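Because the structure is a prediction, the values reported are computed rather than measured. Whatever order the structure lists ligands and atoms in, that order sets their numbers, starting from 1.
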Amino acid sequence: MHVQVRDLSKHFGSFHAVKNVSFDIEKGHLIGLLGPSGGGKTSILRMLAGLESPDSGQISFHGRVVNDIPPQERGIGFVFQNYALFKHMTVYDNIAFGLKVKKVPKSKIKDKVMELVELTGLSGFERRYPHQLSGGQRQRVAFARALAPEPQLLLLDEPFAAIDAKIRQELRSWLRDLIERVGITSIFVTHDQDEAIEVADEIMIINEGRVEQKGTPWDIYKEPSTPFVATFIGESTMVEDASALKGFDAVGSGTQTRALIRPEYIEIGRDGDFPILSATEKGIVRHMHFRGSEWLIEIEVGGHKLVTYRSLEKETLQVGQEVRVLVHRAYLFNDTDNWIEENRLKVDPMPIII
Ligand SMILES: Nc1ncnc2c1ncn2[C@@H]1O[C@H](COP(=O)(O)OP(=O)(O)OP(=O)(O)O)[C@@H](O)[C@H]1O
Ligand SMILES: [Mg+2]
């Protein structure tokens with residue numbers, strides 16, 4: 001189902017929770033909503049589902065305005081963070097619930113439930129009660145129950161938030177597969193960047209009731225359209241005055257220009273590693289965090305703490321060690337503009353041989 005939202009607005013009392021939000025979702029796409037707590041993500045989902053009515057704006061499914069259509073007629077499946085299953089019902093009955101309400105014939109219900117049990121990997125668990133399942137299994141029952149009435153749109157509000165990291169990782173790829181197989185248009189809310197990046201076709205960053213940016217995860221990382229997005233996505237360091245950095249001293253004459261430094265914009269080494277030493281800064285290694293597949297290193301440069309990654313294959317650094325730091329690129333912004341700039345003093349890096 002194609003979803004179109006135009007100028008959606010919502011107040012709770014005098015508080016403006018959702019501010020003129022507009023977006024489209026292509027049929028069959030999975031879109032991730034990402035943003036700080038209180039930004040308005042759940043409020044947007046609730047309006048789509050018809051559980052909350054907007055002050056103004058339009059919601060259309062398949063080109064048909066649904067603002068006045070009651071929730072049960074919108075064809076929506078919902079999975080929440082702690083989607084309470086019916087405790088006194090078996091897995092089978094939980095999944096069958098929506099179909100029984102709709103008075104679907106018993107034999108059809110059986111076929112549908114068995115199909116979903118298979119699809120969600122719950123075969124053999126049909127007669128169990130929720131308390132006899134793990135958290136991940138329970139959440140899969142919640143998915144099956146939401147999918148049973150064959151909704152056209154699936155709304156997922158932090159469905160894995162209460163599940164531990166390892167199982168969560170498994171559920172992510174399971175969800176991706178499931179949604180691809182069923183081909184259902186879906187919206188997935190999460191606090192977890194990695195989760196959004198891994199699961200979604202497109203990401204929408206929501207902050208203070210507005211859409212800050214919408215695009216593929218890679219586009220958003222590569223070309224953040226606002227300083228908020230730049231700092232929110234990926235690990236990075238903000239330097240309040242870009243001209244304090246070697247090679248960026250000529251930028252933004254007049255207005256204050258801030259620089260956001262991504263980990264991959266930084267190279268560290270010894271004096272002899274850099275052909276143009278004047279493009280580099282002196283730094284001191286302050287912290288080293290072992291990340292399993294690499295080091296995350298914090299380096300202090302002229303009072304700023306820069307963060308970068310280092311391969312395990314390279315010489316291991318020591319906390320307190322002096323190093324040379326080349327900031328070869330920065331994401332710059334002032335009050336009116338934002339852009340990416342290269343360090344003007346560095347020589348071109350070695351060609352990358354693939
Ligand atoms: N029924 C309500 N009455 C009053 N204020 C509300 C109501 N529902 C939400 N809000 C407020 O609207 C704002 C947006 O809330 P919402 O639940 O949409 O945020 P969210 O992005 O889902 O946050 P989180 O990531 O913490 O779940 C918050 O400031 C919240 O306190
Ligand atoms: Mg929420």
Side-chain angles (χ1 to χ4, degrees), residues 3-25 30-59 66-68 70-71 74 76-85 135 138-139 142-143 145-146 151 153-165 168 171-172 175 179 185-215 217 220 224-235:
V3 176
Q4 192 182 58
V5 171
R6 288 292 173 271
D7 271 333
L8 203 63
S9 211
K10 178 75 187 172
H11 283 82
F12 292 108
S14 60
F15 181 74
H16 203 176
V18 177
K19 301 168 185 159
N20 301 91
V21 162
S22 298
F23 60 88
D24 281 80
I25 309 175
L30 199 176
I31 191 156
L33 295 198
L34 194 61
S37 185
K41 303 178 294 296
T42 298
S43 305
I44 294 171
L45 291 202
R46 289 177 58 81
M47 286 191 273
L48 285 172
L51 301 172
E52 204 78 70
S53 49
D55 300 340
S56 57
Q58 216 172 51
I59 301 168
V66 297
N67 287 44
D68 297 327
R74 290 195 187 189
I76 285 181
F78 223 130
V79 181
F80 299 100
Q81 172 178 346
N82 291 310
Y83 202 44
L85 297 173
R138 258 178 286 192
Q139 223 40 4
F143 274 98
R145 185 167 71 172
L153 175 64
L154 191 59
L155 303 177
L156 311 167
D157 199 352
E158 306 203 43
F160 306 144
I163 290 166
D164 71 68
R168 223 174 138 137
L171 283 172
R172 274 184 212 170
L175 176 67
I179 286 179
T185 312
S186 309
I187 307 183
F188 181 81
V189 175
T190 175
H191 269 107
D192 184 332
Q193 278 187 37
D194 294 341
E195 196 160 274
I197 287 168
E198 199 175 315
V199 171
D201 297 309
E202 274 195 306
I203 290 180
M204 208 153 72
I205 311 281
I206 309 283
N207 182 37
E208 294 183 354
R210 295 182 202 283
V211 179
E212 292 264 344
Q213 192 170 1
K214 178 171 176 278
I220 289 183
S225 61
T226 65
F228 174 83
V229 173
T231 47
F232 191 73
I233 292 284
E235 234 150 338

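Looking at atom 18 (O) of ligand 1, its nearest protein heavy atom turns out to be S43 OG, 2.6 Å. Scanning the protein for heavy atoms near atom 25 (O) of ligand 1, the closest one is K41 NZ, 2.8 Å. Nearest non-hydrogen protein atom to atom 29 (O) of ligand 1 is F15 CE2, 3.4 Å. Among protein heavy atoms, atom 9 (C) of ligand 1 sits closest to F12 CE1, 3.4 Å. Here the heavy atom of the protein found nearest to atom 14 (C) of ligand 1 is G38 O, 3.3 Å. Ranking protein heavy atoms by distance to atom 26 (O) of ligand 1, first place goes to S37 OG, 2.5 Å. Atom 12 (O) of ligand 1 has A17 CB, 3.5 Å as its closest protein atom, hydrogens excluded (heavy atom only).
At a distance under 4.0 Å, a protein heavy atom can be found next to atom 20 (P) of ligand 1. Counting only heavy atoms, the protein gets under 4.0 Å from atom 4 (C) of ligand 1.
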- Query: side-chain contact (heavy atoms from CB on, under 4.5 Å) between Q213 and I233: does it pass, once the steps are laid out?
  - Reply: CA-CA 11 Å; Q213 192 170 1; I233 292 284; over 6 Å; no

- Item | D24 and R6: CA distance, side-chain angles, deciding distance, salt bridge (charged side-chain N to carboxylate O under 4.0 Å, His left out) verdict | CA-CA 9 Å; D24 281 80; R6 288 292 173 271; 2.7 Å; yes

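In this structure, Q58 contributes its side chain and Q4 its backbone to no donor-acceptor pair below 3.5 Å. Under the 3.5 Å distance criterion, the side-chain polar atoms of K10 are matched with a main-chain donor or acceptor of S53. With N67 contributing its side chain and G57 its backbone, the two residues share a donor-acceptor pair below 3.5 Å.
Checked against a 3.5 angstrom limit, the closest N/O atoms of E52 and ligand 1 fall outside it.
Residue E202 places its CD atom among more than 12 non-hydrogen atoms of other residues, nucleotides or ligands, all under 6.0 Å distant.
Listed by atom number, the atoms of ligand 1 under 4.0 Å from H191 heavy atoms are 25 (O). Near T42, with a cut-off below 4.0 Å to any heavy atom, the atoms of ligand 1 are 17 (O), 18 (O), 20 (P), 22 (O), 27 (O).
Residues G39 and I206 share a closest heavy-atom pair of O-CG2, 3.5 Å. Listed here is the closest heavy atom pair of V211 and M204: CG1-CG, 3.5 Å.
Between atom CZ of residue F160 and atom CD of residue E195 there is a gap of 6.5 Å, rounded to the nearest 0.5 Å.
Ligand 1 lies nowhere less than 4.0 angstrom from a heavy atom belonging to G35.
Counting backbone and side-chain atoms alike, S37 contributes no N/O/S atom closer than 2.8 Å to the Mg ion (ligand 2).
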